[in-house]
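Beneath this line is the structure, given in structure tokens, with notes to follow.
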Amino acid sequence: MEQTGGIFYHYLAVRNSLRYWRNYQISIESFLTEALNCDKKILVGPSGGYSLSKSHFLQIQSEDIIAELDPLARLILKSKLGTKVNWVNQDLFKINEDPILSAKLSAEEFNSLNINRVIFCNMLGQLAYQYSGFTDLYWKLFLLNFLKNLNAEVYSYHDRWSILSTKAFLDSFETEFIKLSFLQKQIIDIKSLCEKVSNNSSSSTPVEILDHATDMDNSLRYKFHAVHPWRRTKNCLHLIHCISLPNL
């Protein structure tokens, strides 16, 4: 799995924007409109703004903050913004061997910015790839404690699972997934659905499922808004969860 950011990611954005990414961009538009409807906010990891529409850029004001480590992404995003904003180009996450301490230190970095809302732009599910070598349990403990310690409202759209397979399999999977109700999508058994799609296929297809360890603890009192498929490439499909948390 490639990390978000870097030249290859921007190349994918250009190549796949209309063919594969467009449906995903449309599906999360209303969620992002709600998320951006706030003064004094920070967008974390928006890359080149590929998930944002033109109307979303108008919601970003001069007192807002954008935290983005990728210099090419900052350059692309600056060209799309109609206003100057405050930029953070250093890492706000403080990750060490202790997930609880890491969560506390990271939350302190965000809280020091004195913002009303944090909007995580499809990046919480990438932390395990950005900081490799830690277990799924580590990241579950980190996210739980990190989000609890933030002194701001939180909106996040992030990877829950990624599925790697053939184009034909992912086409069929996406068709079956779209048929599900909102509740079914929320509590989906990803392995069972993949098995169902495989059983309906005339040939045996290799399927790899990646868990991004972003399942949320109910103690967070979060609101589940939606789950949408994002066809990153013809052979890679992500399921994106959209959630929000109240001001803690």
Side-chain angles (χ1 to χ4, degrees), residues 1-5 28 31 35 42-47 51 67 69 91-111 117-164 177 180 182-195 207-230 232 236-248:
M1 179 65 62
E2 305 91 351
Q3 293 182 9
T4 299
I28 65 169
F31 173 76
I42 180 171
L43 284 74
V44 185
S47 188
S51 297
L69 299 180
D91 197 351
L92 294 172
F93 290 99
K94 306 302 174 187
I95 306 300
N96 58 49
E97 296 295 326
D98 184 339
I100 309 300
L101 178 60
S102 298
K104 179 177 181 294
L105 295 175
S106 299
E108 287 175 354
E109 287 292 313
F110 279 86
N111 291 337
R117 180 173 293 176
V118 184
I119 304 166
F120 293 107
C121 302
N122 203 13
M123 53 78 57
L124 289 183
Q126 295 297 320
L127 289 176
Y129 300 95
Q130 185 74 27
Y131 307 95
S132 59
F134 299 103
T135 65
D136 285 354
L137 177 59
Y138 176 100
W139 289 112
K140 289 177 182 179
L141 288 172
F142 172 84
L143 280 179
L144 171 62
N145 289 276
F146 170 63
L147 294 173
K148 278 186 174 180
N149 280 289
L150 287 178
N151 297 328
E153 292 179 315
V154 174
Y155 277 75
S156 176
Y157 58 106
H158 49 259
D159 299 294
R160 180 63 191 92
W161 293 282
S162 298
I163 306 170
L164 309 177
F177 180 81
L180 300 177
F182 174 74
L183 179 59
Q184 288 173 321
K185 291 176 181 177
Q186 185 175 351
I187 60 174
I188 185 174
D189 183 333
I190 193 72
K191 291 183 180 179
S192 294
L193 184 56
C194 284
E195 288 173 0
V207 179
E208 182 179 0
I209 301 172
L210 303 179
D211 189 327
H212 288 263
T214 50
D215 48 328
M216 295 293 168
D217 190 289
N218 288 333
S219 66
L220 288 171
R221 297 185 295 117
Y222 68 94
K223 177 181 179 181
F224 189 92
H225 291 257
V227 52
H228 296 296
W230 171 34
R232 192 173 189 267
C236 179
L237 183 146
H238 295 230
L239 288 180
I240 304 294
H241 278 195
C242 301
I243 63 117
S244 63
L245 285 78
N247 191 331
L248 303 176

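If you're wondering where the values come from, they're calculated on a predicted model, not measured in any experiment. Scope of the values below: all heavy atoms of this structure, side chains included, with no hydrogens, waters or symmetry mates. When a residue number appears, it is its place in the shown sequence, counting from 1.
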Where the side chain of S156 meets the backbone of I243, is there a donor-acceptor pair that is under 3.5 Å apart?
no
Just wondering, do H212 and D136 contact through their side chains at under 4.5 Å, heavy atoms?
no
Can a donor-acceptor pair be found between the side chains of Y131 and D91 at a distance below 3.5 Å?
yes
Contact check, side chains of D159 and Q126, non-hydrogen atoms, under 4.5 Å
yes
In chain order, what residues pass the ring-ring contact (aromatic ring centres under 6.0 Å, His included) check against F110, with sequence neighbours excluded?
F93, F120, F146
How close do T214 and G125 get, counting heavy atoms only, and between which atoms?
CG2-CA, 3.7 Å
Please state whether the rings of F142 and W139 are parallel, tilted or perpendicular, taking 30° and 60° as the class boundaries.
perpendicular
Where does the angle between the aromatic ring planes of F31 and Y155 fall among parallel (under 30°), tilted (30 to 60°) and perpendicular (over 60°)?
tilted
Got a donor-acceptor contact below 3.5 angstrom from the N111 side chain to the N149 backbone?
yes
Are any non-hydrogen side-chain atoms of I28 and C242 less than 4.5 angstrom apart?
yes
More than 12 non-hydrogen atoms from neighbouring residues, nucleotides or ligands closer than 6.0 Å to NZ on K104, yes or no?
no
Is the W161 ring parallel, tilted or perpendicular to the H241 ring (thresholds 30°, 60°)?
perpendicular
Answer whether the closest heavy-atom distance between the side chains of S244 and Y222 falls below 4.5 Å.
no
K191 bridged to E195 by N-O distance under 4.0 Å:
no
Any heavy-atom pair between the side chains of L245 and R221 that's under 4.5 Å?
no
